[in-house]
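These notes are about the structure you will find just below.
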Number of protein chains: 2
Amino acid sequence: MAIQRSKSIAEQVNVILRQRILDKTYAPGDRLPPESVLAREFGVSRATVRSALARLDVEGLILRKQGDGTYVNERLQEVNTHLGGLWEFTQLIESSGYQPAIKPLAAIYRAATEREALTLNLEPESNVLSLDRLFLADEQRVIYAQNVLSADLLQNASDDIDASLHIRDFMKIYCNRDIAYAISQICAVLPDDAARKILNRRAGLPLLQLNITFYDRQNAPLLTGVSYLDDSVLNLRLVQAWG
Amino acid sequence: MAIQRSKSIAEQVNVILRQRILDKTYAPGDRLPPESVLAREFGVSRATVRSALARLDVEGLILRKQGDGTYVNERLQEVNTHLGGLWEFTQLIESSGYQPAIKPLAAIYRAATEREALTLNLEPESNVLSLDRLFLADEQRVIYAQNVLSADLLQNASDDIDASLHIRDFMKIYCNRDIAYAISQICAVLPDDAARKILNRRAGLPLLQLNITFYDRQNAPLLTGVSYLDDSVLNLRLVQAWG
DNA sequence: TAGTGGTCTAGACCACCCT
DNA sequence: GGGTGGTCTAGACCACTAC
């Protein structure tokens, strides 16, 4: 878990508060100390504390009541992800209580399909790297992900690519690119035989299909892919705070 | 460009900027004026402008680049929702380019099922109001929603309930309750015959199923339901900004 | 009424990108 | 260097809730 970009003060406060909620220093249903008290404790301004609390609010971890106080949401034991974490498959698996693992199935260079070239803004038939990966939750097969990126993006075109990395780390290490946002389409499908067998799924049962394309800050498409998610194992529970 | 004091200033600035993006005053790919200029134009502080821009950023409508500027995301024509709008079905339909309509199918009182009583924190067999509604997109049937709430919540227990309201307005008008957040589960299912026929769907085709429960700020469950979504008509396209 | 979160301000400094 | 967004501060007032 090498993210460690808790650089800003607000982010650090966020981490501390989250930890206190998780280890029940602030127990479920409890009222947190007022923002002014937290600000004094951490030696920061109230605005900084509010910035940290805002994230916890969006995730549903806390409930804020004007004129009253801020409370730990006691209903979040059963929820395994908030909306922002939808595309972090390993994190999704982990927060469902499983041990995540990524098993690379294939990493091959080939010509782009028409759809891929269009999505990635490439010339037809351009050379792309195709990554097939299987996500495991406690040895159970839960997500089958097929991703494609332009071969031109790869800087260290070594032959031994570590396809078990998080997609974000993969893009950073091999392409020196940062993912800024993603556009996705979610639908229900009956998987083809290949996907069905890889996920060890009985015929006739539907799966969730996620078509995801990642972009960088310059709005250049970096990577596109199709993922199949077995929702019989992985409960996709989301919490969404109301604006 | 008068700023009214009714809603928050940041919200009004947000609406104005969103409008300018939609009507192409700020065209796709364009750089927005700097925050300091916007602050001066609206006569507000830079923090307020930033608060307004933050929402547009989360929705993917703009891309912010440190040291450079803020740009209109030119890739958002095809996206019909951001994650926060997932549970606003009419808004979802509207932003897909269709005319939304809610057709009430049934509004009956009955005893709660075991699952419903558990979810809503009710005594077994409590009296509940069951609302069956069909969402139309340009006359096409796209979402079939079955919702249930405790009969005790209804204050004006009139016989003529308007079930064509948005669920948020419904809770406000008939129960005087505000929805604070929702916990949902999303999965792919083969619908039973009833749901299949209501949505006019061929047999054997999967649908998206959303199990949603709404809560208020006091963390009391207000309403729970199951919705079936026809993703062949309604493309569920989401944009998710990366933290 | 006292205390809470919600909002807004004015100003400061930093990190980063451009030329 | 000059300008941009990113962060943080100190202080103010408002809206709401509990008592």
Side-chain angles (χ1 to χ4, degrees), chain A residues 5-17 26 30-58 61-73 176-178 180-181 216-220 241-243, chain B residues 3-17 26 30-58 61-73 176-178 180-181 216-220 241-243:
Chain A
R5 54 172 167 208
S6 59
K7 179 170 57 94
S8 77
I9 299 178
E11 176 61 17
Q12 296 174 50
V13 172
N14 174 284
V15 169
I16 293 175
L17 292 176
Y26 304 142
D30 273 9
R31 181 161 70 172
L32 267 63
E35 297 172 348
S36 54
V37 172
L38 290 174
R40 219 175 312 130
E41 177 193 341
F42 295 122
V44 302
S45 74
R46 194 181 144 219
T48 302
V49 170
R50 283 184 61 75
S51 169
L53 288 171
R55 297 196 187 194
L56 300 175
D57 191 24
V58 168
L61 222 53
I62 57 174
L63 293 170
R64 318 181 75 177
K65 307 182 195 176
Q66 187 175 12
D68 183 358
T70 301
Y71 293 81
V72 178
N73 191 344
N176 195 30
R177 300 292 192 109
D178 287 305
Y181 73 101
D216 65 12
R217 281 266 153 224
Q218 277 65 46
N219 223 342
W242 218 265
Chain B
I3 303 281
Q4 307 292 331
R5 208 76 192 181
S6 53
K7 292 287 183 183
S8 79
I9 299 178
E11 175 61 19
Q12 296 172 54
V13 172
N14 173 285
V15 169
I16 293 174
L17 293 176
Y26 303 141
D30 272 10
R31 181 163 69 174
L32 267 64
E35 297 172 349
S36 55
V37 172
L38 291 174
R40 219 176 310 131
E41 177 193 342
F42 295 123
V44 301
S45 75
R46 193 181 144 218
T48 302
V49 170
R50 282 184 61 75
S51 168
L53 288 172
R55 296 196 187 196
L56 299 175
D57 190 24
V58 168
L61 222 52
I62 57 174
L63 292 170
R64 318 181 75 177
K65 307 182 193 175
Q66 187 175 12
D68 183 357
T70 301
Y71 293 81
V72 178
N73 191 345
N176 195 30
R177 300 291 193 110
D178 288 304
Y181 72 101
D216 65 11
R217 281 267 153 223
Q218 277 65 45
N219 224 340
W242 219 263

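Here is the naming used below: chain letters follow the sequence lines, and residue numbers restart at 1 for every chain.
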Closest contact, heavy atoms only, A:R46 versus A:E35: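 It is NE-OE1, 2.8 Å.
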A:E35 has a side chain; which of C:dG5, C:dA15, D:dT7 sits nearest to it?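 The answer is C:dG5.
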Out of D:dT4, C:dT7, C:dG5, which has the shortest distance to the side chain of B:S8?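 It is C:dT7.
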Taking side chain as C-beta onward, heavy atoms only, is B:Y26 less than 4.5 Å from B:L61?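 Not in contact.
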Pick base, sugar-phosphate or nothing for A:S51, based on heavy-atom distances below 4.0 Å to the nucleic acid.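 The answer is nothing, as A:S51 stays clear of every strand by at least 4.0 Å.
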Could you state the atom-to-atom distance from [atom1] of [X] to [atom2] of [N] in whole Å?
X: A:K65; N: C:dG6; atom1: NZ; atom2: P; answer: 12 Å
X: A:Q12; N: D:dT7; atom1: CD; atom2: P; answer: 12 Å
X: B:D178; N: D:dC16; atom1: CG; atom2: P; answer: 12 Å
X: B:R31; N: D:dT4; atom1: CZ; atom2: P; answer: 7 Å

Would you kindly compare B:D68 and A:A10 by the position of their nearest DNA chain D nucleotide and give the one closer to the 5′ end?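 Its nearest nucleotide lies further toward 5', so the answer is B:D68.
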Between B:N219 and A:Y71, a side-chain donor and acceptor under 3.5 Å: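 No - no donor-acceptor pair under 3.5 Å links their side chains.
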Is [X] near enough to [N] that one of its side-chain N or O atoms lies under 4.0 angstrom from OP1 or OP2?
X: B:R50; N: D:dG6; result: yes
X: B:T48; N: C:dC8; result: no
X: B:S45; N: C:dA10; result: no
X: A:R64; N: C:dG6; result: yes

For A:T48, the option from A:L53, A:N14, A:L38, A:I9 that meets side chain to side chain contact (heavy atoms under 4.5 Å, CB included):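 The single option meeting the side chain to side chain contact (heavy atoms under 4.5 Å, CB included) with A:T48 is A:I9.
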